[in-house]
Each structure stands twice: as structure tokens, then as C-alpha cells.
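For reference, the structure discussed in these notes is given below.
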Amino acid sequence: MEKRDCREAGAEGMPVVHVINGRQKKLLQGHPWVYGNEIERIQGEPQDGGLVTVVDFRGRYMGAGFYNSRSLITVRLLTHRREEVTEALIAARVREACAYRRFVLERPGTDCCRLIYGEADRLPGVICDRFGGVIVLQILALGMERFTQTIADTLMECQRPDCLVLDNEDAIRKKEGMACFSRVLYGELPREVLLQENGVRFSVDVMHGQKTGCFLDQKDNHRFVQQFCHGARVLDCFSYIGGFALHAALAGASSVTAVDISEAAVERIKRNAGLNGVQVDAVCANCFDYLRAQGKEKRRYDVVILDPPAFTKAHANMASACRGYKEIALSAMRLLPAGGVLATHSCSYHMPEDVFVSTVLSAAQDLHRQVRVMTLRRQDIDHPVLAGYPESYYLKSLWLQMLD
Ligand code: SAH
């Protein structure tokens, strides 16, 4: 049995990576990564960026993927099946990813979404966002680099954008041993990129903004907030370009305040309020200080949104991350009267859902206030969660109502 499997793997002409005993289970469940310390031995001489076959300690076939000795993730699996990794396979994956996004792009007034979400779309290291007529593509894994043209051509064919930009400036590329550059592959990049999300208009900076220019993972939560906003006083903390704030304003909020520490973001919020013809009070401040100050002034809001950046990028910082989430939850709850709604988020994969929820709920306990847990939501569906790959679930969105 063992011999047969090994020979079959070798017959594909690729070096063979043997995974240590115990790590086959996660691969069988669909996990796409093999870390360096999970490798028992390697048969043949894999090239960085080249294809390898992965087998378990008994020689059982686990899949095929890209090898990179310079990355902590030594192998990124492209398939768990016995199929050849070809340009046709990559193009089919891109087409499949785009086809799935119709569930988002067919929403009224929505012309933006994440088209490819890396491993979760079985295209390791490939990130692709659509902002209106502009598509931004990032290749973050060495093995995928040589498929750049295939991916770009397929995107052009399925999406027909006005402009396609390759934004390979990400620091992850350095870690993978790749050069950093960006280039317009097709069309012309407009000076200002305009997009629509749930009928709300935004101007975004695709080349200089954070991530690829806009946080697309909150689209569904942006529209979810609207049902609580009619006639409400709304405070959007960590607002970036005003995603929650503008949705709130267009839903008929009586007042909307948006706070961000970045001056560029605050300018963008003002610009976006103008684009939609609504009033938003855009404030440049540190939200920790701002929330505390609002409490001292005895300000009251009906809806408060907290959407901070990841407080932890590693498991080790969990305790300090929890303190951060708790502090802003405490300050926010002080601003909410009975009936007020708090939407609070954690976008760090390293913060487990149960820990995040109990941290936020402990803030209410400390204040001797009862709360109703309205719902626990996630990132929008164009950032899909791949079964067997828990890293793809990162955004927790907890909605509470103050009962007293
Ligand atoms: N809520 C946004 C996304 C927020 S991203 C949306 O729905 O699209 C996190 C934002 O927090 C960034 O814009 C960043 O500039 C801002 N930020 C980071 N630390 C901050 C702080 N201490 N105070 C205020 N804003 C902060």
C-alpha cells in the first residue's frame, strides 16, 4: 500500500514532501498549509515556487501544491485531489470565485466586492478586490507568481473591468522572498475611484489606502446597521472611510459622528458624506480618548459602532487585546441609554469568538447592566470561510442592546 502510493505520487514527476505523523488529519479536513516543522522529509529537490506532491507519514496522497523554503508556510496546497496543477485549473478557480460573487454583485446598488479571497477560494496567496470599474489584484505567494497573467486574463474575461491593477507592494511578499512593485495591467487608473455599496457612494484610494483601499468585509454589517438608525444618534468609531456612518446617515439617523485617527481617512469621510448629500460630523481623534471624553461630557447615543484594527496579530498578545476590546466596550456602553445598540467587532483571527464575546459581555457585568445579545455576525460572504481552514474566519461582529 505504502509503496504503491509513493510511486504514484512520484509518477507525477514532482518532489514529494512527507508530512509528520499527526498532521495528516488537518490536511484531510481541507487545510491548505504545511508548515516547515510539519515536514518529516523531502524526496527530490523542490524549487522555491515549484510544485510538490504532499504525502502523509505512510505515503498516502494528501495533495499537490507550491513549495517555498523561504516561507513559514512551506507548502500551500492547491488541490487535495489527484489532478494536475495547470493554467486551466487556475483559470477555472478564478472563474468559479467570480461566479460565486454574483450573490454580492447582484445586491441592489453594489458594484464592489472581494473577488478572490486566497486560500478560501483555493487560490493560495491571491487577493483580488473589485471597486466599481477597477480591479486590484495582489499575488502574495511565490508559486502563484507565474500564473499572474492567467489570473489577470481570466478576470478580464469574467468581469470586464475598465482597469486592472497589480498591487504587489505588500510586506508579505518580502517575507516570501518576492519583489515589491505595482503596475497597471489594463486600462487607466482614474484619479478617484468611485464605488457603490448598498446604494451608498464612496470614493476610495486604491493605491494608497489601507488594505487594497477599502474594507469590503463589512458590507453586510453596514447594511445591517441601517434598521436601527432611523431617527437615531449614531457614533461610528474607527470609521475609516465612513462605511457604517454613511449607511447610518442614509438610513435617516438624526445625527452621525464618525471618528478615526487617520487624517486621510477623516478627509475621505467628509468627501463621501458630500458624495451622498448627507451630514456626518467627521472627527480626527484616538477613539480610546474620544470615547472616554464623551462619557465625561455625559453624551448619549442610540447606536455605537466599534470596529478597531486587529489588536493582536499573534496569539501571545491575547490578554492585552482583550483589555483593549473591554476598554472600548466599557466606554461605549456608558454612552448608551436603555434600548441603545452596540455593534462591536474583532477582525483578528487570533481572537477566538468565545473569548471576544465573553470579554465584551464582562464589560456590561462590570457596569451592572443587563444586555440582550441580538446576534453574532461575521465577515461578508465574499470573504468566504473554507471548511477545514479556520484561519479564513476572522471577523466577529457582536450586536447587543442595553436593557437598562
Ligand atoms: N469601520 C471601517 C473599517 C475600520 S478599519 C469600515 O467599516 O470600513 C480600522 C480603522 O481604525 C482604520 O481606519 C484606522 O485608521 C483606525 N484606527 C486605528 N487605531 C485607531 C485609534 N486608536 N483611534 C481611532 N481610529 C483608529
Side-chain angles (χ1 to χ4, degrees), residues 104 110 112-114 129 131 193 195-198 200-206 208-226 228-229 234-251 253 256-273 275-276 280-295 303-313 317 320-321 323-332 342-349 351 377-380 382-383 394-399:
V104 172
T110 300
C112 59
C113 72
R114 172 145 296 185
D129 289 335
F131 304 108
V193 174
L195 59 86
Q196 273 203 62
E197 188 193 312
N198 310 309
V200 183
R201 300 175 70 203
F202 290 93
S203 149
V204 300
D205 184 352
V206 296
H208 306 104
Q210 302 177 30
K211 282 221 198 159
T212 52
C214 168
F215 293 88
L216 295 166
D217 50 6
Q218 288 283 27
K219 293 185 306 304
D220 200 29
N221 295 323
H222 288 160
R223 74 174 168 173
F224 192 75
V225 83
Q226 293 193 300
F228 311 116
C229 290
V234 179
L235 176 61
D236 177 13
C237 294
F238 308 93
S239 184
Y240 191 39
I241 61 170
F244 284 105
L246 286 159
H247 279 76
L250 282 159
V256 181
T257 305
V259 187
D260 201 283
I261 204 164
S262 147
E263 266 175 44
V266 171
E267 285 312 307
R268 198 60 67 162
I269 298 170
K270 291 179 185 162
R271 166 95 185 101
N272 289 331
L275 271 180
N276 291 280
V280 171
D281 187 15
V283 180
C284 188
N286 181 327
C287 285
F288 284 82
D289 303 336
Y290 187 84
L291 283 162
R292 223 177 292 126
Q294 294 282 292
V303 178
V304 177
I305 299 118
L306 303 174
D307 186 18
F311 289 148
T312 172
K313 293 217 159 94
N317 304 330
S320 77
R323 278 196 296 278
Y325 289 121
K326 184 157 179 181
E327 180 178 338
I328 51 175
L330 271 169
S331 304
L342 174 65
T344 177
H345 298 88
S346 165
C347 62
S348 169
Y349 157 71
M351 175 59 56
R377 298 165 60 82
R378 292 186 174 191
Q379 65 231 35
D380 202 349
D382 50 351
H383 295 61
Y394 67 99
L395 181 67
K396 279 79 59 184
S397 173
L398 176 63
W399 297 66

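Note that ligands are numbered from 1 as they come in the structure, with each ligand's atoms numbered from 1 the same way.
Atoms of ligand 1 found under 4.0 Å from any heavy atom of Ser262 (numbered from 1 in listed order, with element): 15 (O). Near Cys287, with a cut-off below 4.0 Å to any heavy atom, the atoms of ligand 1 are 21 (C), 23 (N), 24 (C).
The N/O atoms of Ile261, backbone and side chain alike, include one that comes under 3.5 Å of an N/O atom in ligand 1. Between His222 and ligand 1, at least one pair of N/O atoms sits closer than 3.5 Å. Here's the thing with Asp307: one of its N/O atoms is less than 3.5 angstrom from an N/O atom of ligand 1.
Under 4.0 angstrom from ligand 1, there are no non-hydrogen atoms of Ala265. Contacts with ligand 1 closer than 4.0 Å are made by backbone heavy atoms (N, CA, C, O) of Ser239 only, the side chain lying farther away. Contacts with ligand 1 closer than 4.0 Å are made by backbone heavy atoms (N, CA, C, O) of Ala285 only, the side chain lying farther away.
Remark: among candidates Phe311, Phe238, Tyr290, Tyr240, the nearest residue to atom 20 (C) of ligand 1 is Phe238, based on non-hydrogen atoms. The nearest non-hydrogen atom to atom 8 (O) of ligand 1, considering only Phe215, Phe202, Phe244, comes from Phe215.
Using a 4.0 angstrom heavy-atom cutoff, Asn286 counts as in contact with ligand 1. Residue-ligand proximity: His345 is placed with every non-hydrogen atom at 4.0 Å or more from ligand 1.
In this structure, His345 has its ring center at least 6.0 angstrom away from the ring center of Phe215.
Within a 6.0 Å sphere centred on CZ of Arg377, heavy atoms belonging to other residues, nucleotides or ligands number more than 12.
Lys219 and Asp382 are joined by a salt bridge, as a carboxylate oxygen and a charged side-chain nitrogen come within less than 4.0 angstrom of each other.
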Atom pairs and distances, side-chain donor-acceptor, residues 324-331, under 3.5 Å, sequence neighbours left out:
{"residue": "Tyr325", "atom": "OH", "partner": "Ser346", "partner atom": "OG", "Å": "2.9"}
{"residue": "Lys326", "atom": "NZ", "partner": "Ser362", "partner atom": "OG", "Å": "3.2"}
{"residue": "Lys326", "atom": "NZ", "partner": "Asp366", "partner atom": "OD2", "Å": "2.9"}
{"residue": "Glu327", "atom": "OE2", "partner": "Arg292", "partner atom": "NH2", "Å": "2.8"}
{"residue": "Ser331", "atom": "OG", "partner": "Glu327", "partner atom": "O", "Å": "3.1"}

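Exactly one residue among His222, Gln218, Arg223 makes a side chain to side chain donor-acceptor pair (under 3.5 Å) with Glu197. That residue is His222.
Looking only at distances, no side-chain donor or acceptor of Gln379 sits under 3.5 Å from a matching main-chain atom of Asp217.
How far CZ of Phe238 is from CG of Asn286: 7.0 Å, rounded to the nearest 0.5 Å. A distance of 8.5 Å separates CG in Asp236 from CG in Leu246, rounded to the nearest 0.5 Å.
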